[in-house]
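Encoded as structure tokens, the structure appears first; notes follow it.
Numbered from 1 within each chain, the chains take letters A, B, ... in sequence-line order. Just so it is clear, the structure is predicted and the values come from calculations on it, not from any experiment.
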Protein chains: 2
Amino acid sequence: MTTPRTWSIAELADEFDITHRTLRHYEAQGLLAPERRGQVRIYHRRDRTRLALVLRGRRLGFALDEIRTIIDMYDEQPGEAGQLTYLLSQIEDRRRDLEQRRRDIEDSLRELAEVERRCQEDLRTLN
Amino acid sequence: MTTPRTWSIAELADEFDITHRTLRHYEAQGLLAPERRGQVRIYHRRDRTRLALVLRGRRLGFALDEIRTIIDMYDEQPGEAGQLTYLLSQIEDRRRDLEQRRRDIEDSLRELAEVERRCQEDLRTLN
DNA sequence: CGATCACTTGACGTTAACGTCAACGTAAAG
DNA sequence: CTTTACGTTGACGTTAACGTCAAGTGATCG
């Protein structure tokens with residue numbers, strides 16, 4: 001039997017190319033909650049996964065507290081029907097947001113391609 | 001012959017649901033450069049278009065100075081071959097960035113769909 | 001002609017997301 | 001046993017992107 005792997009703060013910081021300050025900040029914001037061995041933080045695979053989600057949210061330009069509510073949606077254990085329908089409405093909001101972003105991105109990519117085309121054409125006429 | 005339409009700061013702010021402060025801020029950052037009739041700003045269709053690009057960049061989570069360099073890429077009139085190849089490399093960087101974001105978004109959408117599915121299943125078992 | 005808009009500049013305030021010390025604990029290594 | 005490495009908690013600093021006054025200007029309306 002193998003003991004499940006854990007990480008120190010420096011190991012996680014290295015792997016994801018962030019600082020320990022960032023990790024402590026995320027913890028202070030309630031995004032992570034690593035185990036404590038005395039004073040020292042021990043990150044489990046679960047923390048690692050959450051961190052990856054946080055960083056993806058960050059790449060997408062979400063604020064940290066938005067990210068928290070999103071992530072909390074994922075591993076919530078919902079009880080009653082009211083909470084479930086509320087969660088579903090939240091999901092709808094998120095989906096709309098993400099789909100708007102996707103449209104924005106695809107528009108941007110199309111326009112980039114157009115600029116690139118003109119660029120290469122200009123380059124050819126220079127030769 | 002119809003005179004081309006222009007906008008006041010309030011009209012643009014209303015239309016795009018931002019404040020005049022935001023518009024002045026974008027101008028201070030070099031993102032917009034409306035005409036001046038005396039002291040007063042007159043926005044032309046060109047400014048309107050740039051504003052739309054800025055706001056799209058903002059929705060995508062870009063910083064304002066990134067947005068400026070991106071937008072400047074669009075309506076630059078490049079002369080020599082060196083600048084053209086440099087511009088092409090910039091375009092490549094942007095494209096990579098945007099494609100990463102698109103992947104992130106599609107992953108997020110997939111996971112959202114999964115959470116939604118489980119939610120609706122839970123709802124059914126409650127009935 | 002005084003009031004009311006719509007607009008202007010200037011300057012300081014605010015929030016988020018960390019950066020950057022300072023000062024301390026602790027465990028292994030020489 | 002002291003140095004070194006790695007970790008910890010404050011606490012204040014910084015930057016971006018505006019918000020929020022305050023105080024003034026110019027056109028128009030009754």
Using only heavy-atom distances, decide whether a donor-acceptor pair under 3.5 angstrom links the side-chain of B:R21 to the base of D:dT20.
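Answer yes: a donor N or O sits under 3.5 Å from an acceptor.
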
Rounding to a whole Å, what distance do you find between [X]:[atom1] and [N]:[atom2]?
{"X": "B:I42", "N": "D:dG26", "atom1": "CD1", "atom2": "C1'", "result": "13 Å"}
{"X": "B:Q39", "N": "C:dC5", "atom1": "CD", "atom2": "P", "result": "22 Å"}
{"X": "B:H25", "N": "D:dA16", "atom1": "NE2", "atom2": "P", "result": "9 Å"}
{"X": "B:H20", "N": "D:dC18", "atom1": "NE2", "atom2": "C1'", "result": "11 Å"}
{"X": "B:E27", "N": "C:dC7", "atom1": "CD", "atom2": "C1'", "result": "13 Å"}
{"X": "A:R37", "N": "C:dA27", "atom1": "CZ", "atom2": "P", "result": "13 Å"}
{"X": "A:L23", "N": "D:dT9", "atom1": "CG", "atom2": "P", "result": "12 Å"}
{"X": "A:E66", "N": "C:dT15", "atom1": "CD", "atom2": "P", "result": "17 Å"}

Are [X] and [Y] ion-paired here, with the side-chain N under 4.0 Å from a carboxylate O?
{"X": "A:R110", "Y": "A:E106", "answer": "no"}
{"X": "B:E99", "Y": "B:R103", "answer": "no"}
{"X": "B:D104", "Y": "A:R102", "answer": "no"}

Considering only side-chain heavy atoms of A:A10, which listed nucleotide, C:dA17, D:dG7, D:dA17, is closest?
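Nucleotide nearest to A:A10's side chain: D:dG7.
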
Crowding at CG, B:D17 (>12 non-hydrogen neighbours, <6.0 Å):
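Open: at most 12 neighbouring heavy atoms sit under 6.0 Å from CG of B:D17.
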
Option from A:R68, A:R94, A:R56 for which side-chain contact (heavy atoms from CB on, under 4.5 Å) with A:F62 holds:
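So, applying the side-chain contact (heavy atoms from CB on, under 4.5 Å) to A:F62 and each of A:R68, A:R94, A:R56, only A:R94 qualifies.
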
Does A:R5 reach the main-chain N or O of A:R45 with its side chain, forming a donor-acceptor pair under 3.5 Å?
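Judged by distance alone, no pair lies under 3.5 Å.
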
Would you indicate, yes or no, if [N] has its OP1 or OP2 atom less than 4.0 angstrom from a side-chain nitrogen or oxygen of [X]?
{"X": "B:S8", "N": "C:dC7", "result": "yes"}
{"X": "A:Y26", "N": "C:dC18", "result": "yes"}
{"X": "A:T19", "N": "C:dG19", "result": "yes"}
{"X": "B:R41", "N": "C:dT8", "result": "yes"}

Mapping B:D65 and A:I9 to their closest nucleotides on DNA chain D, which lands nearer the 5' end?
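The residue whose closest nucleotide sits nearer the 5' end is A:I9.
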
Which heavy atom in B:L112 sits nearest to a heavy atom in A:R95, and how many Å separate them?
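So the two residues come closest at CD1-N, 3.8 Å.
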
Any base atoms under 4.0 Å from A:R58, or only sugar-phosphate, or nothing? Heavy atoms, all strands.
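The answer is sugar-phosphate, as A:R58 gets under 4.0 Å only of primed atoms, P, OP1 or OP2.
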
Is B:R36 touching bases, backbone alone, or none of the nucleic acid, heavy atoms closer than 4.0 Å?
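Sugar-phosphate, no base atom in range.
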
At how many degrees, to 10°, do the end axes of the helix from C:dC1-D:dG30 to C:dG30-D:dC1 meet when each uses five pairs?
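Computed from the C1' atoms at both ends, the axes differ by 10°.
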
